[in-house]
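Note sheet for the following structure.
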Amino acid sequence: MEAINSRFPKAKRKGNGSEQWRAALFLSPSWLLLLLFFFVPAVLTFYFAFTNMALTGAAAANTQFVGFQNFTNMFQDATFRTSVGNTILFLIFSAVIGQQVMGFLIAFLMNGRNRVFRSVVGSIVISGWVAPEVVCAFVWFAFLNDTGTANAFIQGIGFEPIAWLYTFPMVSVIIANVWHGTAFSMMVFQAALGDVPKEVEEAAMIDGASAWQRLIRITIPMISGSVVTNMVLVTLQTLGSFTLIYALTGGGPGNATETLPIYMYHQAFVNYQLGYGTAISLVLLLIGIVASLLYMKLLKVKL
């Protein structure tokens, strides 16, 4: 009997090993795709950032390793410094303050309301999110141009029209991006607020806590994980925002709205300096990593 029983663990281990190999076999196409379309491009990106690779000229035929020369040139370029400032400004007011605050405010006001109200408001907000960025850009161009809806309203109440895209270009692209992306934050916070136990809020209300105290001391701490997750995702999406800005202002007037993605595009595909453009993408990646770690540290969320 003992001899028979001693065989079952061996058979079980053999079966587990067989299942693992079978699972690995089924997953191998996914691993191959990740290797070809994620890991290899990532490694090549790091390599090309340290080369003088170009689309035209001698560097196109003979790409050479130049070390940190791209980064040295980058930090000596006044346009690069301007684009970094524009990117940080766009990130703070569009993602951190705009989409995050607006998304939470809409979700908080919709929390506990009837289904019809939530469906109507949610559909209106989501309609801006599901539209492609180029469509959103044309919508806001039609609203903000010299003969657009905004100036028609201003003239209707007796004021002179304003060239919004030339006088307030960064404000225009920030408002357009907030309008486009707020729905994502709203849905994240709706799900998070729905998981907050009603008993805790009711107990705090009985103890005499005001609505503001319940919000600051109960609701926000209990959804801090969702706050950080949403902030990281919105930040990364906003850092990579290209189509909306390019279609709306082209990075202008001048370089007033030239963020790092726009600057990278101009260097890589207008000036044909692919190595230099790839180096800019690494700086953009570094900004995203630093911002994400900073959010987690400030809100005391462990990795």
Side-chain angles (χ1 to χ4, degrees), residues 37 41 45 55 79 82-100 102-103 106 121-153 161-188 230 232-272 274 277-278 280-281 283-285 287-288:
F37 297 105
T45 297
L55 288 176
T79 304
T82 300
S83 67
V84 171
N86 290 340
T87 301
I88 295 175
L89 185 67
F90 181 68
L91 176 64
I92 292 174
F93 288 97
S94 177
V96 179
I97 295 178
Q99 295 180 43
Q100 185 90 345
M102 285 295 297
I106 296 172
V121 175
S123 299
I124 294 174
V125 178
I126 291 175
S127 63
W129 183 52
V130 298
E133 286 190 347
V134 67
V135 175
C136 294
F138 283 120
V139 167
W140 279 94
F141 181 82
F143 184 78
L144 296 174
N145 67 19
D146 295 342
T147 58
T149 308
N151 280 329
F153 175 77
I162 301 173
W164 296 99
L165 297 176
Y166 292 93
T167 308
F168 305 105
M170 182 57 72
V171 174
S172 300
V173 296
I174 287 173
I175 293 175
N177 195 59
V178 171
W179 179 83
H180 174 63
T182 295
F184 179 80
S185 298
M186 179 197 72
M187 291 187 292
V188 170
N230 179 70
V232 170
L233 294 175
V234 170
T235 293
L236 296 178
Q237 186 275 331
T238 302
L239 281 175
S241 181
F242 171 83
T243 306
L244 180 65
I245 301 175
Y246 191 80
L248 192 58
T249 65
N255 54 11
T257 58
E258 186 169 8
T259 57
L260 279 174
I262 304 292
Y263 178 70
M264 178 175 61
Y265 168 79
H266 285 157
Q267 297 302 319
F269 300 107
V270 177
N271 297 334
Y272 306 127
L274 292 181
T278 306
I280 298 170
S281 71
V283 174
L284 192 62
L285 175 63
I287 293 175

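Numbers here are sequence positions counted from 1.
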With the side chain counted from C-beta on, respond yes when [X] and [Y] share a heavy-atom pair under 4.5 Å apart, and no when they do not.
X: Thr259; Y: Ser241; value: no
X: Trp179; Y: Met102; value: no
X: Leu248; Y: Phe138; value: no
X: Leu239; Y: Thr235; value: yes

How close do [X] and [Y] get, heavy atom to heavy atom, and via which atoms?
X: Pro253; Y: Leu165; value: CD-O, 3.5 Å
X: Leu274; Y: Ala268; value: CD2-O, 3.4 Å
X: Ser281; Y: Thr45; value: OG-CG2, 4.0 Å

request  = Among Ile106, Val178, Val234, find the residue that satisfies the side-chain contact (heavy atoms from CB on, under 4.5 Å) test when tested with Ser185.
outcome  = Val234
Residue from Thr87, Thr82, Ile88 passing side-chain contact (heavy atoms from CB on, under 4.5 Å) with Val84 =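 Exactly one candidate clears the test, Ile88.
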How many angstroms lie between [atom1] in [X] and [atom2] in [Y], if you round to the nearest 0.5 Å?
X: Phe168; Y: Ile175; atom1: CZ; atom2: CD1; answer: 10.0 Å
X: Phe93; Y: Gln99; atom1: CZ; atom2: CD; answer: 14.0 Å
X: Ile287; Y: Leu260; atom1: CD1; atom2: CG; answer: 5.0 Å
X: Asn271; Y: Tyr263; atom1: CG; atom2: OH; answer: 8.5 Å
X: Gln100; Y: Ile92; atom1: CD; atom2: CD1; answer: 13.5 Å
X: Leu244; Y: Cys136; atom1: CG; atom2: SG; answer: 6.5 Å

request  = Kindly indicate, with the supporting measurements, whether the criterion side chain to side chain contact (heavy atoms under 4.5 Å, CB included) is fulfilled by Val125 and Met187.
outcome  = CA-CA 10 Å; Val125 178; Met187 291 187 292; over 6 Å; no
ask   = Checking side chain to side chain contact (heavy atoms under 4.5 Å, CB included) for the pair Leu236/Val232: CA distance, chi angles, key distance, verdict?
value = CA-CA 6 Å; Leu236 296 178; Val232 170; 4.1 Å; yes
ask   = How are the rings of Trp140 and Phe143 set to each other: parallel, tilted or perpendicular (split at 30° and 60°)?
value = perpendicular
key: Residues which pass ring pair (Phe, Tyr, Trp, His ring centres under 6.0 Å) with Phe141, listed by chain and number, not counting sequence neighbours   =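 By the ring pair (Phe, Tyr, Trp, His ring centres under 6.0 Å) rule, Phe141 matches no residue at all.
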task = Give a yes-or-no answer on whether the side chains of Ser94 and Thr238 include a donor-acceptor pair shorter than 3.5 Å.
result =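 Looking only at side-chain atoms, Thr238 and Ser94 do not form any donor-acceptor pair under 3.5 Å.
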task = Check for a donor-acceptor pair, side chain of Asn86 on one end and backbone N or O of Asn255 on the other, with a separation under 3.5 Å.
result = yes
query = Backbone N or O of Ile162 within a donor-acceptor pair of the Asn151 side chain at under 3.5 Å?
reply = yes
ask   = Are more than 12 heavy atoms from other residues, nucleotides or ligands located less than 6.0 Å from atom CZ of Phe242?
value = yes
request  = Give the intermediate values and the outcome of side chain to side chain contact (heavy atoms under 4.5 Å, CB included) for residues Met264 and Ser83.
outcome  = CA-CA 10 Å; Met264 178 175 61; Ser83 67; over 6 Å; no
inquiry  = Please evaluate residues Thr182 and Trp129 with respect to the criterion side chain to side chain contact (heavy atoms under 4.5 Å, CB included), reporting the C-alpha separation (whole Å), side-chain torsions for both, the decisive distance (0.1 Å), and the verdict.
reply    = CA-CA 7 Å; Thr182 295; Trp129 183 52; over 6 Å; no
